[in-house]
Amino acid sequence: MAGALRVLDLFSCAGGAAMGYHRAGFAVDGCDIADRPRYPFPCHRGDALEYLAHLITTGEIERYTLVHASPPCQAGCALTVGTNRSQGWGGTHTDLVVPTRDLLDATGLPYVMEQPNGRAKIRKDLSLCGEMFGLGVLRHRNFELGRWATAQPAHPKHRGYVRGHRHGIRRDGPYVAAYGNGGGKATVPEMQQAMGINWTDVREELTEAIPPAFTKWIGTAFLTARQEVFV
């Protein structure tokens, strides 16, 4: 995407966030500790914070317009997210929110830091839900916005329950549970359809992903805010 503004996507997993920024008109580069052969854009394999520190030190960070980060914070979040410091699924997890923020601040660039609902210590400058985009998942996510801002969109009333078993009760509903196994959780094709992700069929990658619709909205909002600054 020659001439496009560029996003650095840290803790990139399979590229749910990246695809949304791409659809908003950005070029995207990823970074993840694990090998991600299905990631749809150029991707550096390595520790995300070490890589970001390297980009800052060398000045290469200047080729980016925006940095997106989804650091792991399993100690504070309701669902397992991120991959940094974890060699494979289900390993030891580390809270990297604070060191990630420190490096994001050091870039001098606008940034987006994403976390699931839970106790992660980020500013909830923006909260998005799948129902805002007519998706088949709710997938609530909170976003801390650094060096830029946008208005919070209205959160529409959910149309029903998430399908599956919860606390011994089975419910049907318009949304699927795109995490875990059993108990009425979504199949891989159902997760792909519900989130708008068709480039990976790996369950663990899908359960880690955020719907591209979220970051397409964020990317578009950023471009609008940026344009207003320069008018």
Side-chain angles (χ1 to χ4, degrees), residues 1 4-32 39-41 43-44 48-49 51-53 55-56 61-73 76-77 79 81-84 95-118 120-130 132-133 139-153 155 195-197 208-229:
M1 191 176 292
L5 300 179
R6 188 169 293 274
V7 171
L8 176 62
D9 175 27
L10 300 172
F11 311 95
S12 54
C13 195
M19 185 59 74
Y21 287 115
H22 168 75
R23 291 173 181 170
F26 292 87
V28 186
D29 297 325
C31 179
D32 199 275
Y39 189 80
F41 308 105
C43 190
H44 172 84
L49 297 188
Y51 185 57
L52 181 55
L55 293 175
I56 294 169
I61 193 66
E62 294 177 9
R63 69 174 178 259
Y64 295 101
T65 308
L66 178 70
V67 183
H68 177 102
S70 299
C73 181
C77 299
L79 297 175
V81 294
T83 56
N84 206 42
D95 182 346
L96 294 180
V97 168
V98 172
T100 298
R101 181 187 291 112
D102 289 344
L103 280 174
L104 291 172
D105 283 336
T107 67
L109 295 174
Y111 70 79
V112 177
M113 184 159 53
E114 174 262 330
Q115 291 286 288
N117 268 348
K121 294 181 180 179
I122 68 165
R123 295 190 313 272
K124 297 179 181 179
D125 298 321
L126 182 65
S127 296
L128 298 180
C129 164
M132 296 175 178
F133 308 99
R139 211 68 161 174
H140 294 101
R141 289 295 185 271
N142 299 312
F143 302 86
E144 178 176 312
L145 308 180
R147 294 188 177 85
W148 73 286
T150 190
Q152 168 68 43
H155 189 162
M195 290 194 288
I197 295 175
E208 295 271 341
I210 65 172
F214 287 17
T215 44
K216 181 181 178 182
W217 189 94
I218 291 172
T220 301
F222 173 78
L223 293 174
T224 300
R226 186 174 186 270
Q227 184 177 25
E228 291 172 351
V229 168

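Numbering of residues begins at 1 and proceeds along the displayed sequence.
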Are [X] and [Y] packed together at the side-chain level, in the sense that at least one heavy-atom pair is separated by less than 4.5 angstrom?
X: Arg139; Y: Pro116; result: no
X: Ile61; Y: Leu109; result: yes
X: Leu49; Y: Phe11; result: yes
X: Leu145; Y: Val112; result: yes
X: Tyr39; Y: Val28; result: yes
X: Lys121; Y: Asp95; result: no

Taking all atoms of both residues into account, what is the closest heavy-atom pair of [X] and [Y], and its distance?
X: Phe222; Y: Pro110; value: CE1-CB, 3.6 Å
X: Ala48; Y: Leu10; value: O-CD2, 4.1 Å
X: Leu104; Y: Ala69; value: CD1-CB, 4.3 Å
X: Trp217; Y: Ala151; value: CH2-O, 3.6 Å

Lys124 side, atom NZ; Gln115 side, atom CD - distance, nearest 0.5 Å: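 Reported to 0.5 Å precision, the distance equals 10.5 Å.
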Phe26 and Tyr21 aromatic ring geometry - parallel, tilted or perpendicular at 30°/60° bounds: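 Perpendicular, since the angle between the ring planes exceeds 60°.
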